[in-house]
Amino acid sequence: MTQMEIAKGAEEQYLLAGMSNRHGLVAGATGTGKTVTLQVMAEALSSIGVPVFAADVKGDLSGISQPGKSSPKFDDRVKSLGLGDWSFSGAPVVFWDVFGKEGHPVRATVSEMGPLLMSRILNLNDTQTGVLTLVFKIADDNGLLLLDMKDLQAMLLHVSEHAKEYQTTYGNISAASIGAIQRGLVSLVQQGGDQFFGEPALNIEDLLQTDSSGKGVVNILAADKLLQSPQLYATFLLWLMSELFEKLPEVGDPETPKLVFFFDEAHLLFNDLPPVLQSRIEQVVRLIRSKGVGVFFVTQNPIDVPDTVLGQLGNRVQHALRAFSPKDQKAVKSAAQTFRANPKLNVEEVITQMGVGEALVSFLDEKGIPGVVERAMILPPHSQIGPITDDQRAAIIKSSVVAGVYETPVDRESAYEKLKGKVEASTASATPAAGGAGAGTVEQGSGWLEEAGSVLTNVLGSGGSRRGDTPMQAMVKSAARTVGSTVGRQIVRGVLGSLLGGRR
Ligand SMILES: Nc1ncnc2c1ncn2[C@@H]1O[C@H](COP(=O)(O)OP(=O)(O)OP(=O)(O)O)[C@@H](O)[C@H]1O
Ligand SMILES: [Mg+2]
């Protein structure tokens, strides 16, 4: 089994490639070295050809794209660990950003997100969630596509205006619930969250790239601004995990994982989580392993993660914890108890005493059994510690393999345009030549369809969006995926929906 050296104590500590899909945990108080540990793991995975996805909460993970530099402190660490000549190199990086500034824009359609996750983003209660689910269903039944915020807003307005008519078929749709959803959407738009919804939507395949020398691409999501909307941040990453689960083929336990996903500030995922979503997360984490995807949670304290999820995280790196308050002390105790005991080590005591970049480490062995916990120093990274400059970032974005694929939003005919068309048709009855929103597509038919046809053939043949796609091509590809992913799941979409056993 390919092994990656991550830390060194009395012995070298190796993360095994074949066990990286058995998930992991990196925990520790502020400033104890979690981000650098993530960086060391990510660059090790990249170097053996495994693509990585990581959220960059403070902008400091971006340094992974540049070769590191020696400094007296750094050289001391290399020397004291007996690492010999240390080579410096950066990893191939693709930057992503929900707001489209610090990286390529990453989008999903409203319908891909589905009512359950949408409710989570909007902080809806059960009744309101029920109404939102009905709104999705009505859109489905009427062939109205929900792609962006405009579509959802138009759909809500439409449903509230026709609540009486829909009542017989769909049940009671309360005006108060609609109002609450609308207010939720307004505040999401104010936070800039509306930019996330629309097309071209992210093609998961684009995250699974390797560069020309066979290194896995490190996908970095700029999350500093996104974290100001913790609900959107957490739900987005949950959605991404479910998409990966749903779109990737079953591979069992591969020799090297398809992708390793680092979920920083993981406590945000579990804060006030409705029980139904928590059990779905458990399931996604459990099942995604056989798709060859490893999930590593990064958080201050292991107790941030529910036991049922924690129990599935086989590879552990525990940095120092503070034990000031009784609550801290309790956390230290329970963190210590999660390790396979080492008779030579008083884990509970050591946890509070370790220095920066030092940790209690236990990785899974070839049989999938947790190694005896060891106190060890995390190796230094080969890449730069700390953030890169804006110019460096801009240069990487410009030369990326997906440059140009996602930059231009596409606004095709969907619920908003259709509903607007309906209203216009019923109010201003005449003026057919104006080319209203509803008519456009059919008129432009032949050219549009021809291009669509040829692109579709390509899509079906090869999969991902490619650099140099025209916005048109990118849109058609995105549309093809939306259609593909809409088939067969009517009410509650996505893996979360299908796991819910949604009424099909
Ligand atoms: N393995 C390491 N090798 C060399 N230096 C390290 C290592 N780990 C940590 N450091 C040093 O410690 C600093 C703090 O580490 P890091 O940023 O990883 O902490 P953190 O736990 O992510 O903190 P926060 O919770 O604030 O994000 C780094 O900037 C680096 O200088
Ligand atoms: Mg950090």
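Atoms within each ligand, like the ligands themselves, are counted from 1 in listed order. Note that this is a predicted model, so its numbers are computed, not measured.
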Tell me which part of T30 gets within contact of ligand 1: side chain, backbone, both or neither, using heavy atoms under 4.0 Å. both
Test ring-ring contact (aromatic ring centres under 6.0 Å, His included), reference W96, set F53, F196, Y406, output is Y406
Starting from the C-alpha separation in whole Å, work towards a yes-or-no answer on salt bridge (Lys or Arg N to Asp or Glu O under 4.0 Å) for K150 and D194. CA-CA 9 Å; K150 272 195 332 241; D194 52 326; over 6 Å; no
Mind checking whether K73 has an N or O less than 3.5 Å away from an N or O of ligand 1? no
Give the single entry among T37, L61, V40, V36 that approaches atom 2 (C) of ligand 1 most closely by any heavy atom. V36
Anything under 30° is parallel, anything over 60° is perpendicular, the rest tilted; go ahead and classify W86 against H382. parallel
Side chains of S362 and R340: donor-acceptor distance under 3.5 Å anywhere? no
Regarding ligand 1, does R77 bring an N or O atom to under 3.5 Å of one of the ligand's N or O atoms? yes
Structural part of K58 in contact with ligand 1, heavy atom criterion under 4.0 angstrom: side chain
With a cutoff of 4.0 Å, is G28 in contact with ligand 1, counting heavy atoms of the residue only? no
Is the contact between L379 and ligand 1 made by the side chain, the backbone, both, or neither, using heavy atoms and a 4.0 Å cut-off? backbone
Contact check, side chains of L61 and Q39, non-hydrogen atoms, under 4.5 Å: yes
Of all the non-hydrogen atoms in the protein, which one sits nearest to atom 20 (P) of ligand 1, and at what distance? K34 N, 3.5 Å
Are side-chain heavy atoms of F270 and I281 found at a separation under 4.5 Å? yes
For atom 31 (O) of ligand 1, grab the closest protein heavy atom and report residue, atom and distance to one decimal in Å. I385 CG2, 4.2 Å
Over 12 non-hydrogen atoms of neighbours within 6.0 angstrom of CD in E255: no
Identity and distance of the protein heavy atom lying nearest atom 16 (P) of ligand 1: G33 CA, 3.6 Å
Could you tell me whether some N/O pair between Q300 and ligand 1 is separated by less than 3.5 angstrom? no
The Mg ion (ligand 2) to nearest N/O/S of T35 less than 2.8 Å: yes
